[in-house]
Amino acid sequence: MVLSINTLLQGGKYKIEKVLGQGGFGITYLATQELLDRKVCIKEFFFKEYCERDEATSHVSLGTQSNHELVERFMNKFIKEAKTISTLNHPHIIRIYDIFKENNTAYYVMEYIEGESLADRVNHYGCLPESEAVEYIKQVAS
């Protein structure tokens with residue numbers, strides 16, 4: 001149900017490289033912003049319980065019409081979240097570059113920061129030392 005590698009979005013502005021993660025409400029991709037030749041993350045609204053994708057066109061559809069209102073409400077929340085994040089300017093908050101609708105769903109484009117997630121780090125190395133955990137907590141709290 002994910003976008004295929006090399007899928008182009010926004011008329012070729014962005015090219016999908018690979019899937020970075022997937023949850024109940026969205027799929028996050030590594031992509032290239034072609035004209036700037038920079039890596040970005042693209043988060044796609046994809047409510048996996050209710051959405052399906054036409055693999056030939058990448059178009060997202062709903063299983064039934066009765067789910068349309070629910071999915072539309074959550075997609076609007078997704079867009080609102082992206083708009084809110086885009087107004088913030090802080091070293092510990094990801095920057096949003098773009099928001100758009102395509103394929104009957106919504107997307108937002110974020111800066112790509114190479115490295116592992118905090119969850120991956122804990123899963124790989126175990127519990128964080130208290131001093132390291134406190135530093136992360138300070139960053140989040142600021």
> Are any of the side-chain heavy atoms of Thr105 and Met75 separated by less than 4.5 Å?
Replying inline: yes
>> Hydrophobic clustering (ILVMFWY, side-chain heavy atoms < 4.5 Å, transitive) - are Ile16 and Val40 grouped together?
In response: yes
>> Testing the basics here: between Glu111 and Ile93, what is the closest heavy-atom pair and its distance to 0.1 Å?
In response: OE2-O, 4.1 Å
> Considering only heavy atoms from C-beta outward, does the side chain of Arg53 approach that of Ile27 to under 4.5 Å?
Replying inline: yes
> Please walk me through it: do Arg95 and Met110 pass side chain to side chain contact (heavy atoms under 4.5 Å, CB included)?
Replying inline: CA-CA 6 Å; Arg95 290 184 8 210; Met110 307 169 278; over 6 Å; no
> Is the backbone N or O of Glu34 less than 3.5 Å from a side-chain atom of Thr32, with the two atoms forming a donor-acceptor pair by type?
Replying inline: no
>> To the closest 0.5 Å, what do you measure between CG (Asn104) and SG (Cys51)?
In response: 8.5 Å
> Mind checking whether Ile94 and Ile113 have side chains closer than 4.5 Å, heavy atoms only?
Replying inline: yes
>> Could you measure the distance from the OH atom of Tyr29 to the CG atom of Leu9? Nearest 0.5 Å is fine.
In response: 8.5 Å
>> Pair Asn67, Phe47 - check side chain to side chain contact (heavy atoms under 4.5 Å, CB included), show working.
In response: CA-CA 11 Å; Asn67 296 330; Phe47 201 164; over 6 Å; no
> Which heavy atom of Asn103 sits nearest a heavy atom of Ser58, and at what distance?
Replying inline: CB-O, 3.4 Å
> By salt bridge (charged side-chain N to carboxylate O under 4.0 Å, His left out), which residues pair with Lys77, not counting sequence neighbours?
Replying inline: none
> Is the number of heavy atoms from other residues, nucleotides or ligands under 6.0 Å of Ile5 CD1 greater than 12?
Replying inline: no
> Can Phe100 be reached from Val71 by stepping across I, L, V, M, F, W or Y side chains whose heavy atoms are under 4.5 Å apart?
Replying inline: no
> Hey, does the side chain of Ser117 reach the backbone of Asp120 with a donor-acceptor pair shorter than 3.5 angstrom?
Replying inline: yes
> Just wondering, more than 12 heavy atoms not from Gln10 lying within 6.0 Å of its CD?
Replying inline: yes
> Is Arg38 positioned over the aromatic face of Tyr97, cation under 6.0 angstrom from the ring centre and no more than 45 degrees off axis?
Replying inline: yes
> With a 4.5 Å heavy-atom cut-off, do Ile42 and Tyr14 have their side chains touching?
Replying inline: yes
> Do NZ/NE/NH1/NH2 and the carboxylate oxygens of Glu132 and Arg121 come within less than 4.0 Å?
Replying inline: yes
> If you measure from CD on Glu114 to CG on Leu30, what distance do you get to the nearest 0.5 Å?
Replying inline: 9.0 Å
> Any side-chain heavy atom of Phe46 sitting closer than 4.5 Å to one from Val2?
Replying inline: no
> Under 3.5 Å, is there a donor-acceptor pair between the side chain of Asp54 and the main chain of Ala56?
Replying inline: yes
>> Check whether His92 reaches the backbone of Ala141 with its side chain - one donor and one acceptor, N or O, closer than 3.5 Å.
In response: no
>> Going by the rule ring pair (Phe, Tyr, Trp, His ring centres under 6.0 Å), which residues pair with His124 if we only count those two or more places apart in sequence or in a different chain?
In response: none
>> Could you tell me if the side chain of Tyr125 sits less than 4.5 Å from the side chain of Glu116, heavy atoms only?
In response: yes
>> Can you tell me how far apart NZ (Lys83) and CD1 (Ile99) are? Round to the nearest 0.5 Å.
In response: 6.5 Å
>> Would you compute the distance between atom CD of Glu52 and atom CE of Met1 and round it to the nearest 0.5 angstrom?
In response: 5.5 Å
> Does a side-chain heavy-atom distance below 4.5 Å link Leu118 with Tyr136?
Replying inline: yes
> Val109 versus Cys41: any side-chain heavy-atom pair under 4.5 Å?
Replying inline: no
> Between Glu135 and Glu130, is a side chain to side chain contact (heavy atoms under 4.5 Å, CB included) present by the stated rule, with each step listed?
Replying inline: CA-CA 9 Å; Glu135 284 305 310; Glu130 182 179 342; over 6 Å; no
> Quick one: ring pair (Phe, Tyr, Trp, His ring centres under 6.0 Å) partners of Tyr108, sequence neighbours excluded?
Replying inline: Phe78
> For Asn123, does the CG atom have more than 12 heavy-atom neighbours from other residues, nucleotides or ligands under 6.0 Å away?
Replying inline: yes
> Hey, is the main chain of Lys80 close enough, under 3.5 Å, to the side chain of Thr84 for a donor-acceptor pair?
Replying inline: yes
> Are Tyr107 and Phe45 close enough that their ring centres sit under 6.0 Å apart?
Replying inline: no
>> Set out, in order, the CA-CA distance, both residues' side-chain angles and the distance that settles side chain to side chain contact (heavy atoms under 4.5 Å, CB included) for Leu128 and Val122, then state yes or no.
In response: CA-CA 7 Å; Leu128 299 173; Val122 169; 4.0 Å; yes
> Can you tell me how far the CG atom of Leu3 sits from the CD atom of Glu55, to the nearest 0.5 Å?
Replying inline: 10.5 Å
